[in-house]
Number of protein chains: 2
Amino acid sequence: MFNAQGEPHVTTNHIADELEISPGNLYYHFRNKDDIIEQLFARYEERMDAALATPSERLPGLEDIWLQLHLIFECIWDYRFLYRDLVEILSRNRRIRLRFARILKRADDSAHAVMRGMGQAGVMRATADELAATATNILVIATFWLNYAAARGDKDEQIAIRRGIVQVMMLVAPFLRDAERVHLNTLTQAYLD
Amino acid sequence: MFNAQGEPHVTTNHIADELEISPGNLYYHFRNKDDIIEQLFARYEERMDAALATPSERLPGLEDIWLQLHLIFECIWDYRFLYRDLVEILSRNRRIRLRFARILKRADDSAHAVMRGMGQAGVMRATADELAATATNILVIATFWLNYAAARGDKDEQIAIRRGIVQVMMLVAPFLRDAERVHLNTLTQAYLD
DNA sequence: GTCTATAAATGGATAGAC
DNA sequence: GTCTATCCATTTATAGAC
């Protein structure tokens with residue numbers, strides 16, 4: 001319901017209705033609306049933590065990154081209500097704020113690790129500054145891509161997700177070795193059709 | 001007030017209080033709360049349209065872009081309430097939604113024009129695909145940078161703006177000729193101290 | 001655990017006098 | 001134009017019976 005209508009438009013009464021229980025009963029199971037959000041957030045957190053885990057021992061190839069981005073974007077999609085009203089939700093709840101900041105930190109580390117791995121594999125070349133800036137840009141694009149799609153008025157949201165993944169890949173592309181940049185281009189073309 | 005507290009937390013009564021007029025009087029001047037937002041949006045729109053205008057006849061240098069980004073980020077900062085709850089505000093008001101989509105389109109055109117200019121000046125080199133992707137990424141970063149800073153828990157928001165500008169510049173950097181990339185690096189270092 | 005009933009507060013908006 | 005008064009709808013949350 002949060003995803004479909006936006007968290008601000010879903011009241012506790014709506015939730016109780018949907019569950020076919022009384023509002024009173026709902027408040028027996030949850031302290032308040034924020035508690036509901038917090039428990040949903042816990043599931044989101046677990047899922048995103050899993051998606052951010054370094055996927056394998058060996059050095060990452062383009063396909064590994066592609067897969068990981070998929071997991072991340074699917075997670076964002078499934079909890080898009082968090083992202084839609086992110087600042088508002090975080091401003092209301094200190095605990096969620098801290099936990100989301102931790103996720104961002106972890107995502108930043110993960111992006112760094114993946115790109116470092118590509119550097120070691122000789123596939124990517126970037127200075128430390130470029131690496132840091134790119135990691136940050138990856139986070140911002142991933143975090144707010146759905147909002148951007150909504151603001152632009154995009155209808156088909158499944159295509160929007162694909163575009164988001166491509167968009168993140170394009171952040172890394174300039175630092176790739178020629179062979180891999182061509183490879184990425186092939187992947188991208190096939191993916192957007 | 002919208003900027004300070006977030007649009008959802010500012011009631012029409014608060015606004016009337018702040019203006020030291022009665023709620024009834026407020027509703028004499030504005031049809032409803034959305035009408036207030038819409039009139040603020042009109043000012044924002046005018047300002048952003050000005051900031052997005054191509055700044056000069058001659059081919060753009062790095063400093064020109066820097067200045068234009070400043071104007072854009074200052075505008076975003078002054079109307080940050082729009083960006084904080086962007087999806088929510090756009091979902092409530094069809095007119096604002098269309099007008100904001102137009103601004104995004106204009107911004108995209110502007111980013112394209114500037115980068116094409118740099119290509120003509122021989123300062124930048126990118127394929128059409130790279131150019132399009134970079135333009136999009138510039139929009140997303142600029143649009144949601146303040147939200148990202150808030151989500152990360154950044155306190156000093158003036159520094160956050162500077163970081164945003166640098167972050168956008170870093171999107172373009174990989175496509176710059178060596179001399180200009182060094183130049184950009186110098187500008188960036190000086191700017192963040 | 002689940003319900004009904006309702007408190008308590010808020011917020012958008014209007015009526016009608018001045 | 002400005003005010004007071006107030007309506008109306010909504011929303012969160014609780015009390016207390018079953």
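Note that these values count all heavy atoms, side chains included, but never hydrogens, waters or copies made by symmetry. Proteins get letters first, then strands, A, B, ... in listed order; numbering begins at 1 in each. Everything numeric here is computed off the predicted structure, so don't read it as measured data.
- Straight-line distance from the CG atom of B:D17 to the P atom of C:dG11: 12 Å, rounded to whole Å.
- Using modelled atom types, one side-chain atom of A:N3 and one backbone atom of A:R80 make a donor-acceptor pair closer than 3.5 Å.
- Contact check of residues 7-15 of chain B against DNA chain D (heavy atom, cut-off under 4.0 Å) returns no residues at all.
- First and last contacting nucleotides of DNA chain D toward chain B (any atom under 4.0 angstrom from a heavy atom, 5' to 3' order): D:dG1 to D:dT4.
- Between the side chain of B:E46 and the main chain of B:R43, no donor-acceptor pair closer than 3.5 Å is present.
- The CG atom of B:N25 sits 14 Å away from the C1' atom of C:dA13 (whole-angstrom rounding).
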Side-chain polar contacts of residues 110-122 of chain A - donor-acceptor pairs under 3.5 angstrom, sequence neighbours left out - could you list them?
from   : atom 1 : to     : atom 2 : distance (Å)
A:S110 : OG     : A:L52  : O      : 3.3
A:H112 : ND1    : A:D108 : O      : 3.2

Q. Passes salt bridge (Lys or Arg N to Asp or Glu O under 4.0 Å), B:R106 versus B:D109? Steps please.
A. CA-CA 5 Å; B:R106 233 177 96 75; B:D109 293 343; over 6 Å; no
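- Counting only distance, with no hydrogens or angles, the side chain of B:Q68 and the backbone of B:A51 share a donor-acceptor pair below 3.5 Å.
- At least one side-chain nitrogen or oxygen of B:Y27 sits closer than 4.0 Å to the OP1 or OP2 atom of C:dA13.
- Looking only at distances, a side-chain donor or acceptor of A:D156 sits under 3.5 Å from a matching main-chain atom of A:Q158.
- Test B:Y79, B:W77, B:F2 against B:Y44 for ring pair (Phe, Tyr, Trp, His ring centres under 6.0 Å) and you get one pass: B:Y79.
- For the residue pair A:Q39/A:H29, the side-chain donor-acceptor check at 3.5 Å is not satisfied.
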